[in-house]
Each structure stands twice: as structure tokens, then as C-alpha cells.
**Student:** 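One structure follows; several queries about it will come next.
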There are 2 protein chains.
Amino acid sequence: MGRPPGFDRREVLAAVEREFRKNGYDGTSLDDISAATGLGRGSLYAAFGDKRTLFLTALGDYCDQDEASGAAALAGPDETAMERLRAYFIDAVDRQLNDPEQLACMTSRFTVELAGRDRDATARLRQGFEAQRAALAGCLRAAQRNGDLDPAADPVTLATLLVVDFRGIGSLIGIGLDRAELVAVVDATLAGLPAPPPSAAAS
Amino acid sequence: MGRPPGFDRREVLAAVEREFRKNGYDGTSLDDISAATGLGRGSLYAAFGDKRTLFLTALGDYCDQDEASGAAALAGPDETAMERLRAYFIDAVDRQLNDPEQLACMTSRFTVELAGRDRDATARLRQGFEAQRAALAGCLRAAQRNGDLDPAADPVTLATLLVVDFRGIGSLIGIGLDRAELVAVVDATLAGLPAPPPSAAAS
DNA sequence: GGGGTTCTTTACTGAGCAGTCCAGATCGTT
DNA sequence: AACGATCTGGACTGCTCAGTAAAGAACCCC
């Protein structure tokens with residue numbers, strides 16, 4: 001009954017997210033979004049509501065995917081936990097360096113722009129932070145079980161530190177650090193995780 | 001010869017910086033600035049040029065002060081280098097937590113918002129990064145001389161890591177981490193710096 | 001205290017913005 | 001094939017924005 005929409009909702013949201021990520025919330029107009037998606041303003045309003053709602057929807061969609069892919073990348077056997085951890089960071093660095101538009105990390109960008117200004121956005125970003133920290137903490141616990149990490153260390157505190165590094169690295173890519181420096185920072189971060197006491201025999 | 005300005009240039013720039021820091025570059029209008037400084041639009045244009053120039057001036061002023069105070073806080077005798085390092089981080093956390101308006105760190109905020117969009121702003125932010133990293137590296141070298149840090153470690157890489165942590169912590173304050181968590185992250189960061197080999201006798 | 005210079009204020013301009021509306025196009029249904 | 005429901009795109013509205021211009025106020029110097 002009636003004409004079906006001529007667009008794919010996920011594709012549109014991905015384009016919207018990309019556009020917001022490029023120039024920020026305030027820096028993106030509905031005309032930009034209309035041009036990027038190919039949809040007219042009327043269609044956008046009918047399908048997604050006003051600008052803020054559209055943004056929150058795109059942000060939620062991005063966070064969902066980001067949380068799922070992060071959890072998947074960090075899950076696995078205890079033996080390779082440390083390798084997964086390093087790959088998680090290096091992969092994030094490479095993805096951002098290889099992005100032709102040098103887009104800032106969505107999460108970092110809006111944590112800075114909207115925290116304290118938009119309650120709903122802040123809540124969603126907080127949830128994303130918790131998810132990333134939980135995934136990292138799980139990987140750290142795996143490393144502890146495998147004897148790669150001091151079992152006395154608190155995985156949540158260390159995971160918080162890793163999120164801090166992750167976000168900090170993302171924000172510094174924008175000012176032109178090269179890959180070698182970034183990789184060195186990642187390795188220094190991981191080298192700083194507390195080693196297990198020498199008495200315990202490593203695998 | 002002529003009427004002198006009825007305002008203090010430094011005070012105005014500080015108010016401007018505060019206003020930009022509150023809502024970002026795109027989120028701040030000249031009316032906001034006019035209200036915050038008490039100056040009319042004409043006066044602002046005559047004294048500082050257009051919005052972008054005014055912003056760059058305020059950013060430069062802020063960076064100058066930030067670089068000077070950072071260098072001062074990190075300079076001192078080798079014996080207390082590690083203490084200064086910790087105080088530098090804790091002080092930054094407390095300043096931001098105690099800020100009644102919960103303003104984001106100026107540097108972090110505009111690194112994210114303007115990197116890759118405004119060449120001059122990016123260059124100034126890059127310079128600020130280099131200055132912060134150099135001051136931290138100097139402090140790390142002092143710690144090495146005092147036997148608190150592995151002399152084989154590269155101070156610049158570790159300083160880069162500390163800047164990353166510094167910026168990352170600043171951006172995560174916005175989503176509501178409490179002071180205890182932040183202090184734990186600071187301590188975990190410092191604990192991760194490479195200890196000197198046990199053969200060397202500590203002071 | 002008068003003159004010239006500089007600051008300050010206000011009103012204005014053209015552009016861009018978010019959001020609305022409606023006429024026409026499109027499609028499933030009957 | 002015709003109907004009705006839904007989608008689409010462009011025109012429109014009222015507002016805010018950055019930047020300008022000009023009239024008036026304040027001040028220093030002589």
C-alpha cells in the first residue's frame with residue numbers, strides 16, 4: 001500500500017555519519033546531508049525527523065557497529081590476547097591514516113564537541129566508552145590467564161588507560177604524526193602494561 | 001592622539017578563548033563573543049579583524065600561556081622530576097574537574113574540530129603539541145639522570161605517549177569519569193614508564 | 001577649550017541556516 | 001487500468017549568521 005522508499009536506510013545513515021564526521025555537528029548543514037545522500041530535505045524529515053534526531057540515529061548506528069566490531073576483534077583464545085590487543089590499535093591507526101578524507105574518529109570527535117551539551121548524545125557516547133572498555137578489559141583478563149600480564153593488576157583500570165590512549169592517538173593523528181611515531185606510541189603503551197612477577201613460569 | 005581603547009586586550013582575548021572553548025568554533029557566534037566581552041561588533045572587527053583572525057589570535061594567546069606554564073611546571077631539579085610529572089597530570093585533571101562550566105581543553109577541542117580544515121590553526125596546534133612534548137621529554141630526561149627511568153628508553157617516544165594520555169584523559173572527562181578513576185589512570189600511565197635495570201643503584 | 005583622531009554603537013546587507021509545505025511522481029492493490 | 005497511499009523534490013518561511021558602514025561619543029594634544 002503506497003510507494004516504498006527509494007533508499008536503503010543503512011546506506012543513508014552511513015553517508016550521514018560520514019558527513020557529520022567530516023565537519024562536526026555544527027559544521028554540517030542539511031544541504032550537505034541532502035547532497036551526500038541524494039535525498040531531498042522532505043524525504044529526510046519524513047524518514048528520520050529533524051537534524052538532531054537524524055544525528056542521534058546515525059551516531060547510534062555507528063556506535064552499534066563500532067562496539068560489535070571492537071568486541072569481535074578483541075575476542076579469542078587466551079594465547080593470542082596480547083597480539084589481538086596490538087592488532088586492535090594498529091588497525092585503528094591504519095584505518096584512520098588510510099582514510100582519504102582524514103576523517104576524525106566519530107566517537108572522539110563528538111565526545112569533545114557534544115559532551116555536556118547534548119544529554120542524549122553524551123549518554124550514547126558514554127555507553128560506547130563502557131563497551132570499548134569492557135571489551136579491552138576482557139582481552140586483558142585473557143592475557144592475565146595466559147601469563148602475559150600481572151594477575152594482580154586491575155583489568156578495568158588498565159582498560160581505561162587503553163581507551164585513553166586509543167582516543168588520544170586518534171585525536172593526534174589530525175596534527176600530522178606519521179605512522180612510525182604512532183606505532184612507537186602503541187608499542188610503548190603495551191610495553192607499559194605490568195608484566196607478571198618473574199616467579200610465574202610463562203607458557 | 002585619539003581615544004584610547006576602553007578594554008584590556010588580554011582580558012578580551014581570554015573571554016574570547018573561553019567562549020570558543022565552550023561551544024567550539026562553529027558553535028560560537030559573534031553575538032556570543034560580543035555579549036561575553038561587552039564589546040560591540042564594530043569594536044571587535046576594528047581591534048581583531050574577522051572571526052577567524054580573532055579566533056587564531058585567541059588560540060595563539062592561549063597556546064603561548066599554556067606552553068609557558070607547562071614548561072614552568074615541568075622544569076626543576078632531577079630529584080623531583082617524577083613528582084613534577086605526576087603533579088602536572090593531576091593538576092590538569094583537577095583544573096578541568098573544578099571548572100564550573102566543564103570546558104573542554106582548548107587544545108584537544110580544536111585539534112579535533114579544526115585539524116585538516118584550517119591550515120593556520122593546525123600549525124599552531126602542532127606547535128603546541130611539540131612544545132608540550134619537548135617539556136615532557138625534558139622532564140623524562142631529568143628522571144633518567146636521577147635513576148627513576150630506564151636510561152635506554154627514548155624520551156621523545158615516551159613523551160609522545162604522555163601527550164597522548166594527557167589529551168585522551170581530557171577528552172574523557174566530558175563523559176563523566178570521576179576523579180578516582182582519572183587519578184588511577186594517571187598512576188597506571190606513570191607506572192608503565194620503563195623502570196631502570198635493577199643493577200643500577202637508585203639514589 | 002578646540003580640533004583631529006580614534007573608539008563605540010547601531011542599523012543594515014546578503015547569505016546560509018533549519019524546518020515546513022505542497023504539488024507531482026511512483027508504486028502496490030484491486 | 002484506476003485508485004489511494006506513500007514517497008519525492010523544490011519552493012518557501014522566518015531566523016541567525018558574518019561582515020560592513022556610518023553616525024555619534026570619548027579622549028589626547030596643543
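Letters A, B, ... are given to chains in the order of the sequence lines, protein chains preceding strands, and every chain is numbered from 1.
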**Student:** Run the side-chain contact (heavy atoms from CB on, under 4.5 Å) test on B/Leu162 and B/Leu85 for me, step by step, so that the C-alpha distance in whole Å, both residues' side-chain angles and the decisive distance to 0.1 Å come before the verdict.
**Tutor:** CA-CA 10 Å; B/Leu162 291 181; B/Leu85 215 49; 4.1 Å; yes

**Student:** Could you please name the option among C/dT9, C/dG19, D/dG9 that lies closest to any side-chain atom of A/Asp50?
**Tutor:** C/dG19

**Student:** With heavy-atom distances below 4.5 Å as the criterion, would you say the side chains of A/Asp165 and A/Val186 are in contact?
**Tutor:** no

**Student:** Applying a 4.0 Å non-hydrogen cut-off, can you work out what B/Thr28 is touching in the nucleic acid: base, sugar-phosphate, or nothing?
**Tutor:** sugar-phosphate

**Student:** Rounded to whole Å, please give me the gap between CG in A/Leu30 and P in C/dT20.
**Tutor:** 11 Å

**Student:** Could you tell me the separation between the CZ atom of B/Phe48 and the C1' atom of D/dA18, rounded to a whole number of Å?
**Tutor:** 17 Å

**Student:** So that I can tick it off, tell me whether B/Arg145 and B/Glu79 are bridged by a salt bridge, with the cut-off set at under 4.0 angstrom between side-chain N and carboxylate O.
**Tutor:** no

**Student:** Is it true that B/Asp32 and B/Lys22 make a salt bridge, defined as a side-chain N closer than 4.0 Å to a carboxylate O?
**Tutor:** no

**Student:** To the nearest Å, give me how far apart CD1 (B/Ile33) and P (D/dA18) are.
**Tutor:** 7 Å

**Student:** Could you give the OH-to-C1' distance, from B/Tyr45 to C/dT10, as a whole number of Å?
**Tutor:** 15 Å

**Student:** Calculate the interatomic distance between B/Asp31 atom CG and D/dT16 atom C1'; express it in whole Å.
**Tutor:** 8 Å

**Student:** Can you figure out which of D/dT8, D/dA18, C/dA18 approaches the side chain of A/Ser43 most closely?
**Tutor:** D/dT8

**Student:** Starting from C1' on C/dA18, measure out to CZ on A/Phe20 and report it in whole angstrom.
**Tutor:** 12 Å

**Student:** Just the rounded figure in Å: distance from P of D/dT20 to CG of B/Leu44.
**Tutor:** 13 Å

**Student:** Can you find an N or O donor on one side and an acceptor on the other, under 3.5 Å apart, linking the side chain of A/Arg41 with the base of D/dG9?
**Tutor:** no

**Student:** What's the closest nucleotide to the A/Phe7 side chain, out of C/dA18, D/dA18, D/dT8?
**Tutor:** D/dT8

**Student:** Given atom CG of A/Leu39 and atom C1' of D/dC7, what is their separation to the nearest angstrom?
**Tutor:** 10 Å

**Student:** Between A/Gln132 and A/Tyr88, does any side-chain donor sit less than 3.5 Å from a side-chain acceptor?
**Tutor:** yes

**Student:** At less than 4.0 Å, is any side-chain N or O atom of A/Ser29 found next to OP1 or OP2 of C/dC17? Yes or no.
**Tutor:** yes

